[in-house]
Amino acid sequence: MKRYRSSGSVLAALLVAALASGCVGAADDGAASRAGVADLGRQGPAAAPAGPVAAAEARVERLKKQEAARVAAAKRWGLAKVPLVAPAPPARKPHITTREGFEVEGGESLPPVFTTVPTKERIVFLTMDDGAEKDPELLRMMTELKIPYSAFLSDYVVSDDYGYFKDMQARGVTLNNHTLNHRYLPGLSKSEQRREICGEQDKIERYFGKRPTLFRPPYGNYNGDTLRVAKSCGIKAVPLWAAEAFPDHMEWREWDQDLHPGDIVLTHFRGREDWEGSMADMIRRVMRTITDKGYAVARLEDYV
């Protein structure tokens, strides 16, 4: 499995490849190429560069600026290391099935329940639940660092400030379903579960313009009715989590207490009233763990 480096490490390679491409093109063109050189000579020193070399130089310059901005943002937000850059998402999303031991009876046609996305890339996915803490610092931090994440919202803590999450959505974050009131779903009747799940679908569509396809049950608890109801109101997949992040520690689902390719990382919208730290502190902690272990953060919705 490959380890990802910052974009600065590939700048020279891009330029060399483009230069080689330009040389090949010139050899193939023959007399036409020589005529073109003569024409460029008549245009004078102010003529703009053209061809693959100029395009590669421009791209390299853009990448240099992007890398410099990432380094500056990491320093500004107190990260020990610059976050690694995730590879481009696959052209086709991976086929996801329910994790062994997480099945329900008759669940073959129901949305899959999983904690890890099947991939060989050294990537993980960052997700945040509920919506209680509405820290504007989090929005600025994640935007400047260009770290993707997904939100799973519960209306009972979101409804006092839909505007905060509209701003989040405008920054590229997908808003997903975490029920209306964060109740323990297996203890509810099917009709009560429908109100919790489909009611949150309606709320998100009403206030944010798009009906979610991803759903996370509160506490990670569900039964067959949960999945059947979720499917009936448009849910396609049920991502749980393999690790959970706090400002001062990580908690792990797996016995080896480590990250693995495709792991989903959970955290919550919480602040100093609940944690020994802020949302920004939590991001610094989880990104130190992710980066130190050689992983990049990818966007969940690009794979699910």
Side-chain angles (χ1 to χ4, degrees), residues 96 99 102 111-117 124-135 138-139 142 147-162 164-186 188 193-222 226-227 229-231 233-246 251 253 262-271 274-275 279 282-283 286 297-304:
I96 297 175
R99 175 173 171 159
F102 287 54
V113 181
F114 54 99
T115 62
T116 300
V117 174
V124 295
F125 305 95
L126 184 59
T127 64
M128 300 185 191
D129 278 9
D130 62 52
E133 180 75 8
K134 302 164 185 70
D135 186 351
L138 173 72
L139 300 183
M142 302 301 274
I147 300 173
Y149 61 105
S150 303
F152 288 79
L153 303 183
S154 290
D155 191 69
Y156 82 109
V157 288
V158 167
S159 59
D160 63 339
D161 191 357
Y162 289 123
Y164 177 83
F165 297 96
K166 287 182 180 178
D167 187 0
M168 181 180 291
Q169 183 185 43
R171 295 169 186 255
V173 178
T174 301
L175 308 181
N176 301 299
N177 188 330
H178 196 45
T179 72
L180 284 174
N181 298 294
H182 207 271
R183 300 180 67 186
Y184 175 72
L185 295 178
L188 302 181
Q193 290 200 50
R194 182 175 301 280
R195 179 180 180 276
E196 284 293 319
I197 300 168
C198 300
E200 182 66 2
Q201 290 286 89
D202 295 340
K203 288 279 189 178
I204 292 177
E205 183 176 29
R206 176 182 176 185
Y207 288 100
F208 305 107
K210 189 173 182 180
R211 203 167 180 83
T213 59
L214 302 185
F215 162 67
R216 176 176 287 158
Y219 318 108
N221 295 127
Y222 60 93
T226 309
L227 301 184
V229 166
K231 180 181 179 180
C233 51
I235 295 300
K236 304 297 184 185
V238 181
L240 298 185
W241 61 93
E244 185 171 357
F246 298 86
E251 293 184 359
R253 185 184 294 272
D263 275 356
I264 299 169
V265 179
L266 163 69
T267 190
H268 290 81
F269 291 94
R270 294 286 187 272
D274 302 288
W275 280 345
M279 293 290 290
M282 179 276 298
I283 294 297
V286 70
V297 179
R299 183 175 177 269
L300 180 64
E301 291 78 12
D302 288 338
Y303 288 77
V304 179

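Numbers here simply count residues along the sequence, with the first being 1. All values below were derived from every heavy atom in this structure, side-chain atoms included, with hydrogens, water molecules and symmetry-related copies excluded.
For H178 and F215, the ring centers sit 6.0 Å or farther from each other. Ring centroids of F114 and F102 are separated by 6.0 Å or more, keeping the two rings apart.
Contact detail for I235 and P212: the closest heavy-atom pair is CD1-O, 3.9 Å. The minimum heavy-atom distance between K166 and Y207, with the atom names listed, is CE-O, 3.1 Å. Annotation for P217 and L185: closest pair CB-CD1, 4.0 Å, computed over non-hydrogen atoms. Counting all heavy atoms, side chain and backbone alike, V158 lies closest to D130 at CG2-O, 3.4 Å. Shortest non-hydrogen contact noted between L138 and F269 is CD2-CE2, 3.9 Å. Residues H268 and E244 come closest through the heavy atom pair CE1-OE2, 3.2 Å.
Donor-acceptor pairing under 3.5 Å is lacking for the side chains of R216 and T179. Remark: the D167 side chain and the Y162 side chain contain no N/O donor-acceptor pair separated by less than 3.5 Å. Between the side chains of S150 and E301, at least one donor N or O sits under 3.5 Å from an acceptor N or O.
Side-chain N or O atoms of E133 include none that pairs as donor or acceptor with a backbone N or O of M279 at under 3.5 Å. Side-chain atoms of Y164 come within 3.5 Å of backbone atoms of D135 as a donor-acceptor pair (strictly under, hydrogens ignored). Proximity of a side-chain donor or acceptor of Q201 to a complementary backbone N or O of C233 within less than 3.5 Å is detected. Side chain of S154 to main chain of N181: no donor-acceptor pair is present (N/O by atom type, distance under 3.5 Å, no hydrogens or angles). When atom types are taken as modelled, the side chain of K134 and the backbone of A132 share a donor-acceptor pair closer than 3.5 angstrom.
A salt bridge does not link D263 with R253: none of the charged nitrogens is closer than 4.0 Å to a carboxylate oxygen.
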Yes or no on side chain to side chain contact (heavy atoms under 4.5 Å, CB included) for T267 and V286, after CA distance, side-chain angles and deciding distance?
-> CA-CA 9 Å; T267 190; V286 70; over 6 Å; no

Step by step, work out the side chain to side chain donor-acceptor pair (under 3.5 Å) result for T116 and R99.
-> CA-CA 8 Å; T116 300; R99 175 173 171 159; 5.3 Å; no

Begin with the C-alpha distance, continue with both residues' side-chain angles, and end with the deciding distance and a verdict on side chain to side chain donor-acceptor pair (under 3.5 Å) for N177 and E200.
-> CA-CA 6 Å; N177 188 330; E200 182 66 2; over 6 Å; no

Run the side chain to side chain contact (heavy atoms under 4.5 Å, CB included) check on L240 and I264 step by step: do they pass?
-> CA-CA 7 Å; L240 298 185; I264 299 169; over 6 Å; no

Evaluate side chain to side chain contact (heavy atoms under 4.5 Å, CB included) for Y149 paired with T127, printing each intermediate quantity in order.
-> CA-CA 5 Å; Y149 61 105; T127 64; over 6 Å; no

Please report the C-alpha distance between V304 and K236 in whole Å, then the side-chain angles of each, then the deciding distance to 0.1 Å, and finally whether the side chain to side chain contact (heavy atoms under 4.5 Å, CB included) criterion is met.
-> CA-CA 9 Å; V304 179; K236 304 297 184 185; over 6 Å; no

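Under the 4.5 Å side-chain criterion, counting only non-hydrogen atoms from C-beta, L214 is in contact with F152. You'll find the side chain of R270 stays beyond 4.5 Å of the side chain of M128, heavy atoms only. Contact annotation: the side chain of L300 approaches that of V117 to within less than 4.5 Å [non-hydrogen atoms, C-beta and beyond]. L139 is listed as a side-chain neighbour of R171, based on a closest heavy-atom distance under 4.5 Å. Residues I283 and M142 have side chains in contact (heavy-atom distance under 4.5 Å, counting atoms from C-beta outward). Put simply, the side chain of Y222 reaches to within 4.5 Å of the side chain of L227, judged on heavy atoms.
Remark: T174 OG1 to D302 CG distance equals 8.5 Å, nearest 0.5 Å. With values rounded to the nearest 0.5 angstrom, E205 atom CD is found 13.0 Å from L175 atom CG. Note: D155 CG to K203 NZ = 4.5 Å, rounded to the nearest 0.5 Å. To the nearest 0.5 angstrom, N221 atom CG is 14.0 Å from R183 atom CZ.
Y219 and Y184 have tilted rings, their planes meeting at an angle from 30° to 60° on a 0 to 90° scale.
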